**Student:** 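Mind looking over this structure? Questions follow.
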Amino acid sequence: MHSKEEAIKRISQLRQTLSESNRLYYVENAPVLSDFEFDTLMKELSDLEKQYPDLVTPDSPTRKVGSDLSVQKPGGKEFAQYPHRYPMLSLGNTYDIAEVEAFVDRAAKSLGHSFTFSCELKFDGTAICLTYRNGLLYRALTRGDGTIGDDVTENVRHIGNIPQKLSGAGIPDEFEIRGEIYMPYAAFDRLNEERERDEDPPFANPRNAASGSLKLIDPEEVGHRGLECTLYHVLGENLPFVTHGQALDAAESWGLPISDKRRICRDISEIEEYINYWDTERKFLPFATDGIVIKVNELPYQRELGYTAKFPRWAVAYKFKAEQALTRLLSIDYQVGRTGAVTPVANLEPVQLSGTVVKRASLHNSDQMAMLDIHIGDYVYVEKGGEIIPKITGVELSKRGNDVSLPHFPEVCPDCGTPLVRDEGEAKFFCPNTDGCPTQIKGKLLHFIGRKAMNVIAGDATIDQLYSLNLVKDPADLYSLTKDDLLRLEGWKERSAQRFLESLEASKKAPFDHVLFALGIRYVGESTARELAASFKDIDSIAAATREELLQVEDIGEVIADSITEYFKDERHLEMISRLKAAGLRFEAEQEAGPVSGILKGKTVVISGNFSISREEMKQLIKSHGGKNSGSLSGRTSFLLAGEKPGPEKMKKAGASGIPVISEGQFMEMLSAGEGSASAEAQGQAADDGGKQLTLF
Ligand code: IVH
């Protein structure tokens, strides 16, 4: 029990933690609390507000849904925002079956007659609201703050299982249908592998990956992320349905993706049966679920029960707890990364968790360690919860022995001994010795030679040796290595040395954006490097750019702009760049080659299946002839280019919508007819060969 004074303090603390956690979850896609931790804190706040109703404020996190509205960045791309016709609310949730029973009892008491429940999976993705007008997809909005949402219609058009056009009987002139966009595990694993290869930070879990992908700037890129959608709530004026189940059945008959895992239950025992079944079966589903949603099925009864400010009274979510294991914390390693961030990593007594043996777990940062009051020798709870490496979520204090000891977060870099610093707003400590700390130097060298950077054939072991023999201290040193130097490396022979030198030589042809990425400027990933190279054309212009000029570039916000200006203020960096220049690396963007032909001008092409060249090359080919590539078929698709084993769904859809399908052979013929048309245009002949050819189909 809290005194009122204590309650005021705790309420303010909880509101702050929950609001910040909401922002990190919905806007940054980088959650810091597990669902269970979040829900527990929310329940504590809600209980306190019940105890002291005069302390309730309308902006309390208990009263409003977390907002996913995009933060408008200076110079960044924004989404248009539109109001929701009906507020988009959240669901009351519980981890306790007794509260589901209480929900059922409350509904029964309040309604006073018999009714049924629709039990459904709770899909763990990001909420979406689709409006269909006259059978066509008109608009897609995110939940936003529940009142207005971000317009992601163009992106949603690239999600494979969301129809652009409905068919069937009884389609209302206008209606809304809401659901969840999620990323199946297979697509998530593929995406993260790709991101790790590209040295982009991987997504923590499929939910973050789904909401991050939905807000991508490039709609076509969205189409390649493998997102899927399941819809679960039909809304509109004067709809003819009596039950929620009927509405979903109708929506399914119009071609909308509705889950086949839903079931009508008559009483709590059937609901419990459903919950127990899916508690284990969900582990075999190809996508993430985090609970079960139980809804009153009859629509008039739903209306009768109504809504609170935040939840419907006619539905509740029963959430599954993430699997946990209890084990002993043996020690903590403090690891320095390429950027100098120091991360505490726990060494654990090995324990089984969801099918794998866990030996190490993340502790995130020193705040997290303090919050958990963790001691070496403690028994700790580890959870997978979708994160890349498991994390420690709690300490079992009842098992704490006398032999535990308080860990000390190092004050100096565990590698080079430099005092660590923590920038304002950063959760992590950093080693500021960027150019002198061995781990950071080696990390930077490895980054420099990476596949998406300079693509030099070498790995960890080579970099380790080159560094420890004092042959290489920064990337520019690589280009002064001689064969004799290399023959000093353990196990290196004439042939390996030769190959390495050739690979270094070849790297001098890497385009400017790769070189820029290779420099390892903090926050400048592959795509930012591409944007910078395209906007400024050469390194001197980037180095001379002001913060304001940098902010004009798409996707560059204040943090990145500051990091770039900082980087070029450092004389050592400028000196290294001039040595790299002298070695012959490219520090200027190439003149963009004009299109080979304009035969595909104004045409949108969807490709499917395998071709004699890679899909990436095929897309390039389409672009170089003036066409646009799109990930999914729509009203704007000019034709489907089908290789070997094209996707059956795409073929079916193309057939149904009358979109022409052409083979690789036909396509190549078409291009060779267009070859030279660009130069024909340049000579002033207004021949629109592209258009003529395409009327063939
Ligand atoms: S019904 C008025 N059904 O869970 C509330 N929601 O934690 C209508 N969710 O905001 C929501 N699966 O984004 C409903 N089968 C399902 C769901 C579901 C996932 C999401 C939805 C909601 C959130 C609440």
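Everything numeric here is computed off the predicted structure, so don't read it as measured data. Remember, it's 1-based here, ligands and their atoms both numbered in the order they're listed.
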**Student:** How far is atom 9 (N) of ligand 1 from its nearest protein heavy atom, and which residue and atom name does that atom have?
**Tutor:**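 Among all protein heavy atoms, the one nearest atom 9 (N) of ligand 1 is Tyr232 OH, 3.3 Å.
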**Student:** Of Leu248, Leu299, Ile258, Leu256, which meets side-chain contact (heavy atoms from CB on, under 4.5 Å) against Val234?
**Tutor:**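 Filter result, single survivor: Leu248.
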**Student:** Counting each atom of ligand 1 from 1 as listed, which ones have a heavy atom of Leu89 under 4.0 Å away?
**Tutor:**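 Every atom of ligand 1 under 4.0 Å from some heavy atom of Leu89: 10 (O).
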**Student:** Heavy atom of Leu121 under 4.0 Å from ligand 1?
**Tutor:**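 In this structure, Leu121 qualifies as a contact of ligand 1 - some heavy atom is under 4.0 Å.
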**Student:** Give the intermediate values and the outcome of ring-ring contact (aromatic ring centres under 6.0 Å, His included) for residues Trp254 and Phe175.
**Tutor:** CA-CA 12 Å; Trp254 304 328; Phe175 70 99; 5.2 Å; yes
**Student:** Do Glu298 and His113 have side-chain atoms, one donor and one acceptor, less than 3.5 Å apart?
**Tutor:**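 No donor-acceptor contact under 3.5 Å links the two side chains.
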**Student:** For ligand 1 and His233, I'd like to know whether there is a polar contact (N/O to N/O, distance under 3.5 Å).
**Tutor:**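 Between His233 and ligand 1, no N or O pair is found under 3.5 Å apart.
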**Student:** Quick one: which ligand 1 atoms are inside 4.0 Å of a heavy atom on Ala127?
**Tutor:**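 What qualifies from ligand 1 is 13 (O).
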**Student:** Do the non-hydrogen side-chain atoms of Val358 and Leu348 ever get within less than 4.5 Å of each other?
**Tutor:**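 Side chain of Val358 against side chain of Leu348, heavy atoms only: contact under 4.5 Å found.
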**Student:** Quick one: does Arg262 get a heavy atom under 4.0 Å from ligand 1?
**Tutor:**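 For ligand 1, residue contact (heavy atoms, under 4.0 Å) with Arg262 is absent.
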**Student:** Could you tell me if any non-hydrogen atom of Lys295 lies under 4.0 Å from any atom of ligand 1?
**Tutor:**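 It does, in that a heavy atom of Lys295 comes within the 4.0 Å cut-off of ligand 1.
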**Student:** Heavy-atom distances under 4.0 Å decide this one: backbone, side chain, both or neither, for Leu91 against ligand 1?
**Tutor:**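 Both backbone and side chain.
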**Student:** Can an N or O of Glu180 be found at a distance shorter than 3.5 Å from an N or O of ligand 1?
**Tutor:**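 N/O-N/O distance under 3.5 Å: yes.
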**Student:** Looking only at the side chains, is there a donor atom on one of Asn205 and Asn208 sitting less than 3.5 Å from an acceptor on the other?
**Tutor:**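 Looking only at side-chain atoms, Asn208 and Asn205 do form a donor-acceptor pair, the distance falling under 3.5 Å.
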**Student:** How far is atom 10 (O) of ligand 1 from its nearest protein heavy atom, and which residue and atom name does that atom have?
**Tutor:**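 Heavy-atom neighbour on the protein nearest atom 10 (O) of ligand 1: Arg143 NH1, 3.2 Å.
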**Student:** Would you mind checking if Arg190 and Glu194 are paired as a salt bridge, meaning a charged N to carboxylate O distance below 4.0 Å?
**Tutor:**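 Answer for the salt bridge query: no.
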**Student:** Would you mind listing which atoms of ligand 1 come within a distance below 4.0 Å of any non-hydrogen atom of Glu120?
**Tutor:**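 What qualifies from ligand 1 is 3 (N), 15 (N), 16 (C).
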**Student:** Please state which option from Phe311, Trp314, Phe123 has its nearest heavy atom closest to atom 19 (C) of ligand 1.
**Tutor:**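 Answer by nearest heavy atom: Phe123.
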**Student:** So, does Asp279 use its side chain to make a donor-acceptor pair with the main chain of Ile275 at under 3.5 Å?
**Tutor:**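 Judged by distance alone, no pair lies under 3.5 Å.
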**Student:** Examine the side chains of Thr343 and Lys428 and answer whether a donor and an acceptor come within less than 3.5 Å of each other.
**Tutor:**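 Yes, a side-chain donor-acceptor pair sits under 3.5 Å.
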**Student:** Strictly under 4.0 Å, does any heavy atom of Pro312 approach an atom of ligand 1?
**Tutor:**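 Heavy atoms of Pro312 do come under 4.0 Å of ligand 1.
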**Student:** Tell me, which protein residue and heavy-atom name are nearest atom 4 (O) of ligand 1, and how many Å apart are they?
**Tutor:**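 The answer is Lys122 NZ, 2.8 Å.
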**Student:** Between Phe287 and Phe123, is the ring centre distance below 6.0 Å?
**Tutor:**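 Yes; Phe123 has its ring centre under 6.0 Å from that of Phe287.
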